[in-house]
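Scope of the values below: all heavy atoms of this structure, side chains included, with no hydrogens, waters or symmetry mates. Just so you know, ligand 1 is whichever comes first in the structure, and atom 1 is the first atom listed for that ligand. Everything numeric here is computed off the predicted structure, so don't read it as measured data.
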Amino acid sequence: MRIIKVKDYQELSLTAARLIASQVLLKENSVIGLATGSTPEGMYKELVKMYENNLVNFEGVISFNLDEYVGLEENHKESYSYYMKDRLFSHVNINEDNIHIPNGNSSDIEEECKNYEKLIEEHGGIDMQILGIGRNGHIGFNEPDVKFEAVTHVVELDEQTRKDNSRFFDSIDEVPTKAISMGIKRIMQSKKIILMAYGIEKANAIFGMINGKIDPKLPASVLQLHPDVTVILEEGSASKLEFKVLV
Ligand code: F6R
């Protein structure tokens, strides 16, 4: 794992955006796995700015989102489909046909998961996967006690995750109980992984992910087995780690 410690949210966002821009520069038809939530919002803002300044071109980019709630209308303000349009897709020149987000309203959710996997496979897998991390160590919506061998599947959201995400909804009762999520195996098959974390409330999960044992109770710990992971940590989220200066 390569760990980049940054001083604040602005630097976190810019660092992640630059890594995506460089991936797209090196391979214009890159398959990028995208995350939602509060953490990458600044990164999307930076990518939009870079696009406006002709520093990144999304024309050939193919995107696959990590997850989507089950049962929210596509244009519900908290659906990840709405989020992605609002934060990135409607501001850049990505081709609509190249955008993929699981359909949480499909009449056959199991079939939707299978098709999503097939599509990722047909595009040759993910070149660069962006991840946030939950307070409980989830990545995507792969909650504690995850099966590491899972591909895209339906998940029951953990109570902690529903509580955390209720800040976006009018009440916790409105937070869906299920989601479609890329599974750990699919995430681990990505050629490169960038995980971003912000805030002291992520410090325990980050400590466990880096220093703990590999354990399905802390899903992100599996990333210790991946050969190309870059972790970008703002100071709060890195506060439980010890950095030694070598002289
Ligand atoms: C979102 C996702 C989740 C979030 C995680 C952190 O697509 O897959 O794993 O990355 O819940 O969310 P925030 O960034 O809101 O703290």
> In the protein, which heavy atom is nearest to atom 11 (O) of ligand 1, and how far is it?
Replying inline: His138 NE2, 2.7 Å

> Does Arg167 have a non-hydrogen atom less than 4.0 Å from ligand 1?
Replying inline: yes

> Any chance NZ of Lys5 has more than 12 other-residue heavy atoms, nucleotides or ligands included, within less than 6.0 Å?
Replying inline: yes

>> Would you say Asn105 and Glu74 are linked by a side-chain donor-acceptor pair, where the criterion is simply a distance under 3.5 Å?
In response: no

>> Atom NZ of residue position Lys191 - does it have more than 12 heavy atoms of other residues, nucleotides or ligands inside 6.0 Å?
In response: yes

> In terms of heavy-atom contacts, does CD of Glu96 have more than 12 from other residues, nucleotides or ligands at under 6.0 Å?
Replying inline: no

> If you count the non-hydrogen atoms of other residues, nucleotides and ligands that lie under 6.0 Å from NZ in Lys118, is the total more than 12?
Replying inline: no

> Given the rule in the side-chain hydrogen bond (donor to acceptor under 3.5 Å, both in side chains) test, do Glu117 and Thr152 qualify, once you have shown the distances and angles that lead to the verdict?
Replying inline: CA-CA 6 Å; Glu117 271 302 310; Thr152 301; 2.6 Å; yes

> If you count the atoms of ligand 1 from 1 in the order shown, which ones are under 4.0 Å from a heavy atom of Ala35?
Replying inline: 7 (O)

>> Within ligand 1, which atoms have a heavy atom of Lys202 less than 4.0 Å away?
In response: 6 (C), 13 (P), 16 (O)

> Does any N or O atom in Tyr80 lie less than 3.5 angstrom from one in ligand 1, N or O only?
Replying inline: no

> Heavy-atom contacts under 4.0 Å between Asn165 and ligand 1: side chain, backbone, both, or neither?
Replying inline: neither

> Under 4.0 angstrom from ligand 1, any heavy atom of Arg135?
Replying inline: no

> Do other residues, nucleotides or ligands put more than 12 heavy atoms under 6.0 Å from Glu174 CD?
Replying inline: yes

> Just wondering, are more than 12 heavy atoms of other shown residues or ligands nearer than 6.0 Å to CZ in Arg18?
Replying inline: no

> According to the interplanar angle, ranging from 0 to 90°, do the rings of Tyr80 and Tyr69 count as parallel (below 30°), tilted (30 to 60°) or perpendicular (above 60°)?
Replying inline: tilted

> Which protein heavy atom lies closest to atom 1 (C) of ligand 1, and at what distance to 0.1 Å?
Replying inline: Thr36 OG1, 3.2 Å

> What are the atoms of ligand 1, with element, lying closer than 4.0 Å to any heavy atom of Asp67?
Replying inline: 1 (C), 2 (C), 7 (O), 8 (O)

> What residue and atom, counting heavy atoms only, is the protein's closest point to atom 10 (O) of ligand 1, and at what distance?
Replying inline: Gly132 CA, 3.3 Å

> To the nearest 0.1 Å, how far is atom 15 (O) of ligand 1 from its closest protein heavy atom, and which atom is that?
Replying inline: Ser38 N, 2.8 Å

> For ligand 1, is there an N or O atom under 3.5 Å from any N or O atom of Gly140?
Replying inline: yes

> Taking heavy atoms and a distance under 4.0 Å, where does Leu66 meet ligand 1: side chain, backbone, both or neither?
Replying inline: side chain

> Taking the minimum heavy-atom distance to atom 14 (O) of ligand 1, which of Leu131, Thr39, Asn142 ranks first?
Replying inline: Thr39

> Would one find more than 12 heavy atoms of other residues, nucleotides or ligands at under 6.0 Å from atom CD of Gln224?
Replying inline: yes

> How far is atom 6 (C) of ligand 1 from its nearest protein heavy atom, and which residue and atom name does that atom have?
Replying inline: Ile133 O, 3.3 Å

